[in-house]
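In what follows, chains are A, B, ... by sequence order, proteins preceding strands, each numbered from 1.
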There are 2 protein chains.
Amino acid sequence: MTKKLAKSAISQKRILDAAARIFRDYGYAGTTMRAIADEADLKPGSIYYHYKSKDDLISAVLDIGIRAVTDSVGKALRALPDTATGRDRIEAAIRAHLSAIIEVGDYTLATRRALGQVPEAIRARNTRMRDTYGSIWQEILSDAHQRGEFRTTANLKLARLFILGALNWTVEWFKPGGRSIDDVAREFAAIVLDGLSGRVEPVGLAEELPPPAKPKRASARVRAA
Amino acid sequence: MTKKLAKSAISQKRILDAAARIFRDYGYAGTTMRAIADEADLKPGSIYYHYKSKDDLISAVLDIGIRAVTDSVGKALRALPDTATGRDRIEAAIRAHLSAIIEVGDYTLATRRALGQVPEAIRARNTRMRDTYGSIWQEILSDAHQRGEFRTTANLKLARLFILGALNWTVEWFKPGGRSIDDVAREFAAIVLDGLSGRVEPVGLAEELPPPAKPKRASARVRAA
DNA sequence: TCCAAAACCTAACACTAGTTAGAAAATGGG
DNA sequence: CCCATTTTCTAACTAGTGTTAGGTTTTGGA
């Protein structure tokens, strides 16, 4: 019984992975059931035993992408100690977001390529999931703001859009084997928090001019991670 | 003679605009010559009098998008006085970039949707144009860095990718009639330069106020999300 | 008004798409 | 080994694709 189901599950996964790769390369309309079947080492008709339509497939691919990010960030935030500052949370969220979209890169890239062409009903569902994720960031930022860690003029809504835009774009240029995700996350967090001209020293040394602000320090554990 | 050519030019523009809208909504493969013809109030066959293939059309659309941004930013930079600081140049470039991608929104959105599915030769050409644009930003940033306006640890390559990612993403959420482009540009520049926690006042003087933050304990709200 | 050039349309061809019904093969407990 | 169940394949249908050849209409200077 369990074995029988396993066989089917394996095929499903193989088809799903293949679909993500093809959708990523050719978009929604550009993707052929025949191409997916080819990539998954199957005949086109066989896909329909596991997924009842092309829409069913793209829908599954889209969900995996956004869910991976949401879960990754949620887990990273929960793993932080209660003493974590807003800065700590932002850094952790950035790192988790980047890790996730790189990890399931085929799925997130497929989403970026295909989401705009997908039938309305499917897109609507996925957009709701993305909005939910956005609200997590809204809370992270407004929490840090309320702690007094941001300048008073900061526009949180715009900041969120700015940050998520930059993060989502990363899949376009990030190549495994080059810079590490941690490095990228650290630098992104530095820009977001201190800017390019920031007086707050990003990593280590802390001399020059009197400490501009208290909450600049971050738990070394997080940074090292 | 001039009138005759004008008629053709008008039709070309109408077809081009229609193509941009359809490509934006359905991507490259999802776009039908019949759909473009419909949008442009023409019969499908007539398009071929002006453009010799679907590839010819998408190619024109892609070029317009990136060229509008390059020209807009180039012009804005040249319009600055010699006394302009690195900060001035960055702000101006951000504003010009945003203005351009909003102005020709259909074309830039079409690019984002279709570029990944387009035939290799066409994409390669467009990618070269985009790299050229990227090098403009590289110069802006390295110029500001050499003037000593950035912290020494700033990673310019990552910063450029971060900034361009955030800017390019703007077309996804920016809706005319809401926030003004100037407001968005100002806030984006503030984040890039001073960060969210930046103590430096947007205008210029570096005057650090007393520590505004006494970490008041993590709000459980965030973690609960 | 006339008429060549420009602009557009009609109708079709060759091809590929998603999907399906039914046959064939693989699987695994008895 | 047997056979019911699960899984895969074969072969096809319908609909829609980019593109084109050739005819029709529109245009604007003489």
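One atom, CD1 of A:Ile15, and another, C1' of D:dT7, lie 10 Å apart when rounded to the nearest Å. Rounded to whole angstrom, the span from the CG atom of A:Leu42 across to the P atom of D:dT10 amounts to 11 Å. Rounded to whole Å, atom C1' of D:dT19 lies 13 Å from atom CG of B:Leu57. In this entry the distance linking NE2 of A:His50 with C1' of D:dC9 reads 12 Å, nearest Å. What separates OH of B:Tyr51 from P of C:dC8 is a distance of 12 Å, to the nearest Å. Residue A:Ile47 contributes atom CD1, which lies 14 Å from atom P of D:dT10 at whole-angstrom precision. If you measure from atom NZ of B:Lys43 to atom P of C:dA6, you get 24 Å, rounded to the nearest angstrom.
Between B:His97 and B:Phe188, the gap from one ring centroid to the other reaches at least 6.0 Å.
Between A:Asp56 and A:Ser53, the side chains place no donor N or O within less than 3.5 Å of an acceptor N or O (distance only, hydrogens not considered).
Taking the charged nitrogens against the carboxylate oxygens, B:Glu172 and B:Arg112 do have a contact shorter than 4.0 Å, which makes a salt bridge.
Taking the nucleotide of DNA chain D with the nearest heavy atom to each of A:Tyr49 and B:Pro44, the more 5' of the two is matched to A:Tyr49.
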Output side-chain donor-acceptor pairs under 3.5 Å for residues 66-80 of chain B, partner residues at least two apart or in another chain, one line each.
residue, atom, partner, partner atom, Å
B:Thr70, OG1, B:Ile66, O, 2.9
B:Ser72, OG, B:Ala96, O, 3.0

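Qualifying side chain to side chain donor-acceptor pair (under 3.5 Å) partners for B:Arg186, counting only residues two or more places apart in sequence or in other chains: B:Asp183. In this structure, the side chain to side chain donor-acceptor pair (under 3.5 Å) partners of B:Gln138, at least two apart in sequence or on a different chain, are B:Arg160. Residues satisfying the side chain to side chain donor-acceptor pair (under 3.5 Å) test with A:Asp38, not counting sequence neighbours, are none.
Applying a 4.0 Å cut-off to non-hydrogen atoms, the residues of residues 22-34 of chain B that approach DNA chain D are B:Thr31, B:Thr32, B:Met33, B:Arg34, listed by residue number. Of the residues in residues 116-125 of chain B, none has a non-hydrogen atom less than 4.0 angstrom from any atom of DNA chain D.
Note that B:Lys54 lies outside the cation-pi zone of B:Phe23, set by a 6.0 Å cut-off to the ring centre and a 45° limit from the axis.
Distance from the side chain of B:Tyr48 is smallest for D:dT19 among the nucleotides D:dT19, C:dA7, C:dC9. Checking C:dC9, D:dT19, D:dT6 against every side-chain atom of B:Ser53, the shortest atom distance belongs to D:dT19.
Under the 4.5 Å side-chain criterion, counting only non-hydrogen atoms from C-beta, A:Leu109 is not in contact with A:Asp25.
An OP1 or OP2 oxygen of C:dC8 is reached within less than 4.0 angstrom by a side-chain nitrogen or oxygen of B:Ser11.
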